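To start, the structure under review is shown below, and the notes come after it.
Numbers here are sequence positions counted from 1. All values derive from a computational prediction rather than experimental measurement.
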Amino acid sequence: MQTRIEGIPLHQATPTSDLLFRTGSALARLDLALELVSVPAVHRPVLWHVGCWPRLTELQQYLPFGTIADSVRVAMAEYVEFVEPQISNVAWQVTHNDPSPFNMMVTGQGMSFIDFGDGCWSPRIQDLAIAASHVVKDPTLPLGGAEHLIAGYASVIPLSALEARLLVGLMRARQSALILVNYWRSHLFPADAQYIKKNVARAEHGLSILAPLGVASGEAAVLAAMPSFQP
């Protein structure tokens, strides 16, 4: 059964601070609803699951040489060394696992979400990390404008101290996973490369903005965003 949603994808909307705040709060409410869901095959392995990310380093051979490849290597190494050992200590549940701007709809009734095909048992904060990683665009802000979406999410589900500490590392790892997987898929299916890589430029730009942040400065930026950007 399908329901028609009247609206536009988030990537076609003007990303105002208010819209991003509302997007974050809507995503948090979705996660509260998904917390109650029990579905078959929720523990199946998918490339976009954090448990698969350490193996994605094998795909670095498909990246072009340069700054982005270097940033991807650093981000994935940080994930393996710092984030992965602690990720089991945050809340886990069924998550959407792909709240990209193509899967979030701006409607007259608020935000809607589509394409739950990658949903699985994941850290709850992974949904926030994924959505936030896609809206890192403004190099004048520490988190590139993701501050607004993070503030909206935290207004509904406050982040734990550990979640705040891990969030930027998760965002960078997700950007890197997207870059790795899609360069690899483009190598396998060159005729479809334009479609496959539709999100890659956004991820590369976002990763370049987040790359200078260390663990402490990333955590400080997340903590500063939560009260500062609430309307």
*Given side-chain contact (heavy atoms from CB on, under 4.5 Å), test Tyr62 with Leu180 step by step and report yes or no.*
CA-CA 7 Å; Tyr62 299 104; Leu180 287 165; over 6 Å; no
*Within the distance-only criterion (no hydrogens, no angle test), does the side chain of Ser100 pair as donor or acceptor with the backbone N or O of Phe102 below 3.5 angstrom?*
yes
*Side chains of Leu63 and Ile68: does their closest heavy-atom pair fall under 4.5 Å?*
no
*Donor-acceptor under 3.5 Å (Asn103 side chain, Pro99 main chain)*: no
*Which value, rounded to the nearest 0.5 Å, describes the distance between Asn199 atom CG and Gln175 atom CD?*
11.5 Å
_Closest approach of Ser122 to His49 (non-hydrogen atoms, all atoms of both residues)_ = OG-CD2, 3.5 Å
*Kindly compute the distance separating CG (Leu59) from OG (Ser176), expressed to the nearest 0.5 Å.*
12.0 Å
*asked:* Hydrophobic clustering (ILVMFWY, side-chain heavy atoms < 4.5 Å, transitive) - are Val80 and Val50 grouped together?
replied: yes
*Check the hydrophobic clustering (I, L, V, M, F, W, Y; side-chain heavy atoms under 4.5 Å; chains of links allowed) and say if Leu128 and Val136 are grouped together.*
yes
*Indicate yes or no for a side-chain donor-acceptor contact from Asn97 to the backbone of Asp118 under 3.5 Å, with no hydrogens or angles considered.*
yes
*How many angstroms lie between CZ in Phe113 and CG in Asp127, if you round to the nearest 0.5 Å?*
8.5 Å
_Sole candidate of Asn89, Ile157, Val90, Ile87 that passes side chain to side chain contact (heavy atoms under 4.5 Å, CB included) when paired with Glu163_ = Val90
_Donor-acceptor check, side chain of Glu147 to backbone of Leu143, threshold 3.5 angstrom: yes or no?_
yes
*Are Ser155 and Phe21 side-chain neighbours, meaning at least one heavy-atom pair lies under 4.5 Å?*
yes
*Contact summary for Leu47 and Cys52, nearest pair of heavy atoms*: O-CB, 3.9 Å
*Looking only at side chains, do Asp31 and Tyr153 share a donor and an acceptor under 3.5 Å apart?*
yes
_Donor-acceptor check, side chain of Arg172 to backbone of Leu213, threshold 3.5 angstrom: yes or no?_
yes
*For atom OH of Tyr195, decide whether the heavy atoms of other residues, nucleotides or ligands shown that lie under 6.0 angstrom number more than 12.*
no
*Looking only at non-hydrogen atoms, find the nearest pair between Pro212 and Ser208 and report the distance.*
CD-O, 3.6 Å
*asked:* Quick check for you: to the nearest 0.5 Å, what is the distance between Leu141 atom CG and Asp138 atom CG?
replied: 4.0 Å
*Is it possible for you to say whether Val37 and Val46 belong to one hydrophobic cluster, with membership spreading through side-chain heavy-atom contacts below 4.5 Å?*
no
*Look at the side-chain heavy atoms of Ile, Leu, Val, Met, Phe, Trp and Tyr, link any pair under 4.5 Å apart, and say whether Leu170 and Val168 land in one connected group.*
yes
*Sort and list the pairs that fulfil salt bridge (Lys or Arg N to Asp or Glu O under 4.0 Å) and have at least one residue in residues 59-77, not counting sequence neighbours.*
Asp70-Arg73
*With the side chain counted from C-beta on, respond yes when Glu204 and Ser71 share a heavy-atom pair under 4.5 Å apart, and no when they do not.*
no
*Taking the side chain from His134 and the backbone from Ala203, do they hold a donor-acceptor pair closer than 3.5 Å?*
no
*asked:* Tell me the closest heavy-atom pair linking Ala221 and Pro142, and the distance in Å.
replied: CB-CB, 4.0 Å
*For the residue pair Trp48 and Arg185, what are the closest heavy atoms and their distance?*
CZ2-NH1, 4.1 Å
*What's the spacing between Leu20 CG and His148 NE2 if we round to 0.5 Å?*
6.5 Å
*Where the side chain of Glu84 meets the backbone of Glu81, is there a donor-acceptor pair that is under 3.5 Å apart?*
no
*Stepwise, does the side-chain contact (heavy atoms from CB on, under 4.5 Å) test hold for Val222 with Leu159?*
CA-CA 10 Å; Val222 171; Leu159 303 187; 4.0 Å; yes
*Answer with yes or no whether the side chains of Thr16 and Asp18 bring together a donor and an acceptor at under 3.5 Å.*
no
*Any salt bridge between Arg174 and Asp98, counting N to O under 4.0 Å?*
yes
*In the single-linkage hydrophobic clustering (I, L, V, M, F, W, Y; side-chain heavy atoms under 4.5 Å), do Leu30 and Leu167 co-cluster?*
yes
*Would you say Arg22's side chain and Gly152's backbone share a donor-acceptor pair under 3.5 angstrom?*
no
*Please check if atom CZ in Arg55 has more than 12 non-hydrogen atoms from other residues, nucleotides or ligands closer than 6.0 Å.*
no
*Could you give me the CA-CA distance, side-chain angles and deciding distance for Met104 and Ser112, then say whether side-chain contact (heavy atoms from CB on, under 4.5 Å) is met?*
CA-CA 6 Å; Met104 297 186 285; Ser112 295; over 6 Å; no
*What's the spacing between Glu6 CD and Met105 CE if we round to 0.5 Å?*
8.5 Å
*Minimum heavy-atom separation for Met226 to Ala154, with atom names?*
SD-CB, 3.5 Å
*Do any N or O atoms from the side chain of His96 and from the backbone of Leu27 form a donor-acceptor pair under 3.5 angstrom?*
no
_Sidechain-backbone polar pair: Gln93 side chain, Arg124 backbone, donor-acceptor under 3.5 Å_ = no
